[in-house]
Structures are given as C-alpha cells and as structure tokens.
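Here the structure is laid out as structure tokens; the discussion comes afterwards.
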Amino acid sequence: MRQFNVQIADHAQKYLDVEVPDLADHICDPPSADLGDLSLPCFLLAKALAEAPTATAERLAGKTWDIPWVESVSPAGPYLNFKFQADKFSRQALAQVLDQTEVWGSSEVGQGITVLVEYSSPNIAKHLAVHHMRSTMLGQSITNLLRCAGFSVTSWNHLGDWGTTFGKLLAAWELFKERDDLDSPALEERTDAISDLNSLYVAFNEATKENPELEDIARKWFKKLEDGDPQARARWERIRNVSLARFNLVYDRLGVHFDRVIGESHYQQGMVDVVEQLTESGLLELSEGAEIVRLSDDIPPMLIRKQDGATLYSTRDLASAIERYHQVAFQRCLYVVDAGQGLHFRQLFEVLKMLGYDWADDLEHTEFGIMRLNIEGNWKKGKTRGGQVVLLEEVLDQAVELAANIVKEKNPDLPDQELDEISEAVGVGAVVFSDMKAARRKDVNFDLDKILSFDGETGPYLQYTHVRFCSILRKAQEQGIETGDGSRLDQPSEIILLKRVLRFPDVILRAARDAEPSQVSQYLLELASEFNTYYAKHRIISEDLQLSGDRLALIEVLRSTMKSGLDLLCIRPIERM
RNA sequence: GCGCCCGUAGCUCAACCGGAUAGAGCAUCGGAUUUCUAAUCCGAAGGUUCCAGGUUCGAGUCCUGGCGGGCGUACCA
C-alpha cells in the first residue's frame, strides 16, 4: 500500500509546494467506504502553510490529480478523500503482489543486521509445561518475523542444565536403585524417561526431610559433576540427551527450531572470567557475606556470589551475554522472558554497561505477561507446588483429539493419514494461536475450554479461511479457468480486500520492529473476516469467465498472504479440513 | 514502602507510532445452507475508554496526581 500512499503524498506536496516529512504514513482509511477509498488528513500540510486544514483540503480538491488510479477527490472538512478508479487500482495492486508471490510480505530492511533471539529456555529433566509455550512461541514467531524482514537471526535456547538439582538426581541414581534403577531399563529405552526422573527427584526430596544428610551427598555429587568426574558427567549427559530428545518432539510439533542450544553448564569458565573482571574493575564488593555489584540508587544491587561462594543465575547470565556477543556479533539481542524477571534484566544490562561493554545498549528484555493457571477456582501464577503442572504435550494432544472429532464429522471421507495430519495442524494451531492473539504484555489465564473452542477469532478460523481459498482454487483448476489481471474487480469489498493485502509488508515490519506477533494475528483475523463477508455475498466462479478469472486472482493473493501470515505464527496452513 | 506492567461492552481482546461516528469475538436473542466447506455469514442488544486535572485545532492513545489489579523487590531460576 506504501507505493500508493507515497504517490498521493508526493502529489499533494507538489501541488502545494511544501514538504512534510513522512506524509504518506498518515494516509488512512476513511471511516466509511462511501466517503472514499483513502484519506489524506490535511493537518500537517496546513500547519506547514499556516492555514486552516479545511482550506488546504479545499485547495487540494481543486487541483487536477493526474494519478491514473484516482477517479475523484473530495474534501470532507480537514480531510481529503480519494475514490479509486477501481479497474486501474485493482490491476496495479494485483500485479504488485503476483510479481513477488514467492516472497510476498518479505523485505530487506534488515539486510546486514544481526539479531540474536533467546527463547524457550526450559530446565532439563523436566517436561515442557503450558507456561513454556509463551516464550517458545513468541520467540519463534519473532524470529520468523525478523527473518522475513531481512534480518539475519540466530535463535538461541538457553537450557537450564546445571545446578544442585543434578546433584540430587545423580545421588538418587546411585542411592535409589532399589526404587528405580535408571540403568535397567536404560534411561534411553524408557517410554517416559522424564517422568521417571521426576518421580525419582520428588522421592529424593521427600527422603531429604527425614535424612538431611542426603543434602550433603547431593552437594558432593554436584561437586563431582563440576570437577568432571567421568561417571557423574556421563550420567548427566544421558539425562541431558533424553531431555533434549523429548523437547525436540514437542518443538517439532510446534514448528520451533534453534540455531544454538547452549545450557548454563557451558559457562563454567566464563563465570570465573566475569567474576575476575568484576573484581579487577573494582565493582565487586562484599555485603552480608555475599559478593555484590552496587548499582544506581533506584535499583537494588546485583548478587553475584552467595555467602557459600556458589554462583547464581545472574552470574551465568553475565557470562552468557558475553559469550553470545563473541559468538554472534549482534546489533540487537532479545531476551524473550516473562515480565517477572524485569529487575533481573535491568541489573544484568547495567552491570554489563559498567564493565564497559557498549553493546549492552543493544540488549532488550522482550517481556511478556505471565500465564496463570486455574488452581482451585482462582487464577494464580503457575508455580505448582505438588508437582501438578499442566504438560504442554497433554494440552496439544487434547486439542488434536478434539480437532479429529470435528474433522471426522465435517469431512467423513478423508483418508486416515490425511485426517491425522489435519487434526494435528488444527489442534496445535488452536493452542498456538490462543497464545499469540493478544499483545504479548497481557497476562493470560490458561483456559482450556477457550483454547478448545474453535469458533470465532481462533486459529482454526484462519485455517478454515485458508481452506476456503484452496477449495476455490482447486475447483477453478478442475474447470480450467485462467486467472485474470483484475480489471473487473470493482466491488467495494474487493477494493477493501486488496487494500488489506497490500498492507501485509508493513504489518510485518511493524511486528518485527516491536517484537509483537499479535499484530500479525490481528491482521489475519481482519483479512479473514473481510473475506468471509465477501464470500457470503459473491460467487467467485460463475458463468462469467472473465470475472471469475479476475476474482480468482484476488483469491490467489489472499491465499498467499494468509499462508505467509500463518507460517510466521507457526500455524500450519492446510488445504482441507 | 519502592520499582515495572496493566486498566476499553457481562467476559476475552482490537483501535494502523495524536485524527472523522471507539470496533471484533465469546456469551444472549433473532435470522441465513438445492451453490466454491455453516469451524461461516447477517441482524439486535451491549460504552462516562478507572477517576481528576493538564498539553492542542483534536486524547482511549501523550504529561501530572490519585484509585484498582498483577508481578518483582539479596543469596531460587
């Protein structure tokens, strides 16, 4: 749409002999389609000319607008409204999209700029739970958006694979063989190794209550791990591997992929180095037996080492940030982590700045609202005490099962394999979309009933709309109808749809800039809604072959836009359902 | 106490970096299917955009001060 807006803005400035920067950005839709197809607010022009906006609009309306696709201009108070010459606009709009249909929506504004995006970052030896979905899907979608805008992106998974937890697991591996021997059957051969690790971990913690000396044993095991003891190391690696394998099953279903998977375990040396740097630069000080870095007055100091000398996640994050910059010389680095950690990141960024890393200014905490679970009737943050987490896999399975029932009912003739594929896409799509629909800062209440309702503004609605496009195109192909150039597209609803399609690239840019996938979600909902309204009123394929061809071209660009949009959101576009 | 985020229809959310009459979905009620899939569409009803000031041609949007909610606030991550 940009090209059209720019033409109007350029002409207006030429006619009035003034310059207003970014005038084209202010062009908008009139509140109602019968006022016109585009509107130029004249406030800025009027200000530059020191006259009343209504006068400016009047004067501009008096000019002869030699833009081929503009049929007429009319002033409405301080606005100047443009009515399109439908055939010319439609043809030009369609040509613009079809010209670049392979890359429609993408751009090169990010050319030569590197972005690192950290997201997901679960703890190993545990299941992915529903609350992991937020970071995981937002992060993946932001990665997709940035790539689409031409940035070079490294996606980064910062695994929680280090700490006293693993001392406990290793201790339990050795001491709890009678309860469950992780070597027989071997961890790798179990159907649900993660759950087995979990119950062992819970059992160990229980036992600690009666035998506090177990804590010491666990600490010793962790020490062995840190010191590189072969047995400890080997077992830890096995735990890590089975965890990753399990994560990857879910990541695959969700369309999630990482360029780097690097756990906290990787920063042993880095932490030593960064503590040394802090000491040398005189930033580290002793306070209440712990080592801290004092920051500006309005935020509390950052804790670097505990009283017992152990490091904290802040230390690991410092080391990790430095390592990241060494590995990927980024111009922007996003941490897709929940808003509850805001203070931690402010501290982290400030300490890095104090260490003299000027790239610390390029770090961003891409915060998102917390997910609340319904615990005994109240919405609470998903800190489940009794180990009662809602597993992400189970939610996905439930959604897929429900989708399968509906697909079977609506489309009984589908072969089994296709039915499975479609149900998977629809069920997972519903879950993913429910997480990506609202602005990321909003807190979300995890409401399974809502996620599993496939009516209204949902993932399945978008997929259903995509299916409609595909059905029409399939039928047209069977009948051998050729797509036209669009000159017969003159219905107001057709102009509205074309304008919507042309805005797609701008939506992507905005979404990438703001790290806000919901802008794409909202855009696709509007696209779908406008199309479904149109679809209810107009036939695409009719006896009028020329008109059919032109409408088919419209369907083709709609389909292509919807497909790309769904891809960006990690929702699979399907052709039947 | 202090810091960050949020406050729009009964509920969940939009509103294109300040623009014309604040829009959707869900829920409620009423309608539409011999047609390219009704997971859809159309209509009705639903609002003091938390309150009070300020900035200006113009504020849901920006500023100040309140009120309400969430999260965080030194050895968890």
Side-chain angles (χ1 to χ4, degrees), chain A residues 22 25-26 28-32 35 39 41 43 46-47 52-54 76-79 81 121 123 160 163-165 264 287-292 298-308 310 312-314 316-317 337-344 346 365 367 369-370 372 379 381 403 406-407 409-411 426 430 434 437-439 441-445 447 450 453-458 460-461 463-465 467-476 479 503 506-507 510 513-514 518-519 521-523 525-526 528-529 532-537 539-542 548 551-552 555 576-577:
Chain A
D22 303 323
D25 293 344
H26 294 87
C28 57
D29 281 332
S32 139
L35 283 169
S39 183
F43 306 99
K47 196 170 187 183
T54 45
Y79 296 89
N81 292 326
S121 306
N123 293 328
T164 46
T165 304
E264 298 180 308
S287 168
E288 296 169 36
E291 290 170 273
I292 63 161
D298 48 328
I299 53 175
M302 187 181 207
L303 203 56
I304 303 295
R305 263 205 295 226
K306 305 200 282 186
Q307 285 175 334
D308 65 2
L312 291 110
Y313 77 120
S314 31
R316 292 191 273 280
D317 270 3
V337 178
D338 78 273
Q341 295 197 43
L343 177 60
H344 165 67
R346 283 177 64 192
H365 177 204
E367 61 176 4
I370 58 156
R372 295 197 206 90
W379 292 107
K381 195 180 168 186
I406 300 177
V407 176
E409 180 192 314
K410 308 252 179 195
N411 215 339
V426 173
S434 75
K437 183 176 165 239
R441 269 178 244 270
K442 297 250 179 197
D443 290 344
V444 293
N445 292 341
D447 188 341
K450 250 180 201 160
S453 120
F454 296 166
D455 297 329
E457 297 175 330
T458 62
Y461 175 61
Q463 287 170 315
Y464 177 74
T465 306
V467 164
R468 279 188 156 172
F469 298 145
C470 292
S471 298
I472 296 166
L473 292 169
R474 235 181 354 253
K475 183 176 173 183
Q479 300 189 6
R503 285 183 179 133
D506 279 335
V507 170
R510 227 168 352 109
R513 181 197 61 193
D514 300 341
S518 70
Q519 304 212 1
S521 312
Q522 295 298 332
Y523 170 83
L525 286 173
E526 280 160 355
S529 163
N532 283 315
T533 296
Y534 170 72
Y535 178 87
K537 261 187 283 194
R539 278 203 68 74
I540 312 302
I541 299 169
S542 63
S548 304
R551 289 184 169 171
L552 276 176
I555 301 302
R576 286 174 224 274
M577 66 191 274

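In the text below, chain A, chain B and the rest are named by the order of the sequence lines, each starting its count at 1.
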What's the closest nucleotide to the [X] side chain, out of [options]?
{"X": "Lys442(A)", "options": "C36(B), A14(B), A38(B)", "answer": "A14(B)"}
{"X": "Asn532(A)", "options": "A14(B), A20(B), C41(B)", "answer": "C41(B)"}
{"X": "Phe43(A)", "options": "C57(B), A20(B), G70(B)", "answer": "C57(B)"}
{"X": "Ala438(A)", "options": "A38(B), C13(B), A20(B)", "answer": "C13(B)"}
{"X": "Ile292(A)", "options": "A74(B), C17(B), C5(B)", "answer": "A74(B)"}

Can you tell me the distance, in whole Å, between the [atom1] atom of [X] and the [atom2] atom of [N]?
{"X": "Tyr461(A)", "N": "C13(B)", "atom1": "OH", "atom2": "C1'", "answer": "15 Å"}
{"X": "Ile406(A)", "N": "A38(B)", "atom1": "CD1", "atom2": "P", "answer": "16 Å"}
{"X": "Arg576(A)", "N": "U37(B)", "atom1": "CZ", "atom2": "P", "answer": "10 Å"}
{"X": "Ile370(A)", "N": "G72(B)", "atom1": "CD1", "atom2": "C1'", "answer": "11 Å"}
{"X": "Tyr534(A)", "N": "C36(B)", "atom1": "OH", "atom2": "P", "answer": "16 Å"}

Inset, instruction - Examine the base of A20(B) for any acceptor or donor lying under 3.5 Å from a partner atom in the side chain of Asn81(A), and report the outcome as yes or no. - result: yes

Legend entry - Within the 6.0 Å centroid threshold, strictly below: Tyr313(A) and His344(A): yes

Legend entry - Ring-ring centroid check Tyr535(A) Phe469(A), cutoff 6.0 Å: no

Legend entry - C11(B) - base-pair partner by Watson-Crick or wobble geometry, distances under 3.5 Å: G25(B)

Legend entry - Strand partner of A52(B), provided both Watson-Crick or wobble distances fall under 3.5 Å: U64(B)

Inset, instruction - Nearest-nucleotide wise, let me know which of Asn411(A) and Pro53(A) is further upstream toward the 5' end of RNA chain B. - result: Asn411(A)

State whether [X] places a side-chain N or O below 4.0 Å from either non-bridging phosphate oxygen (OP1 or OP2) of [N].
{"X": "Arg346(A)", "N": "U73(B)", "answer": "no"}
{"X": "Ser529(A)", "N": "A24(B)", "answer": "no"}
{"X": "Arg316(A)", "N": "A77(B)", "answer": "yes"}

Within the sub-3.5 Å range, which N or O atoms of nucleotides 26-34 of chain B have a protein N or O partner, and how far apart are they?
none

Legend entry - Aromatic-base stack, Tyr79(A) on G19(B), cutoff 5.5 Å, angle under 30: no

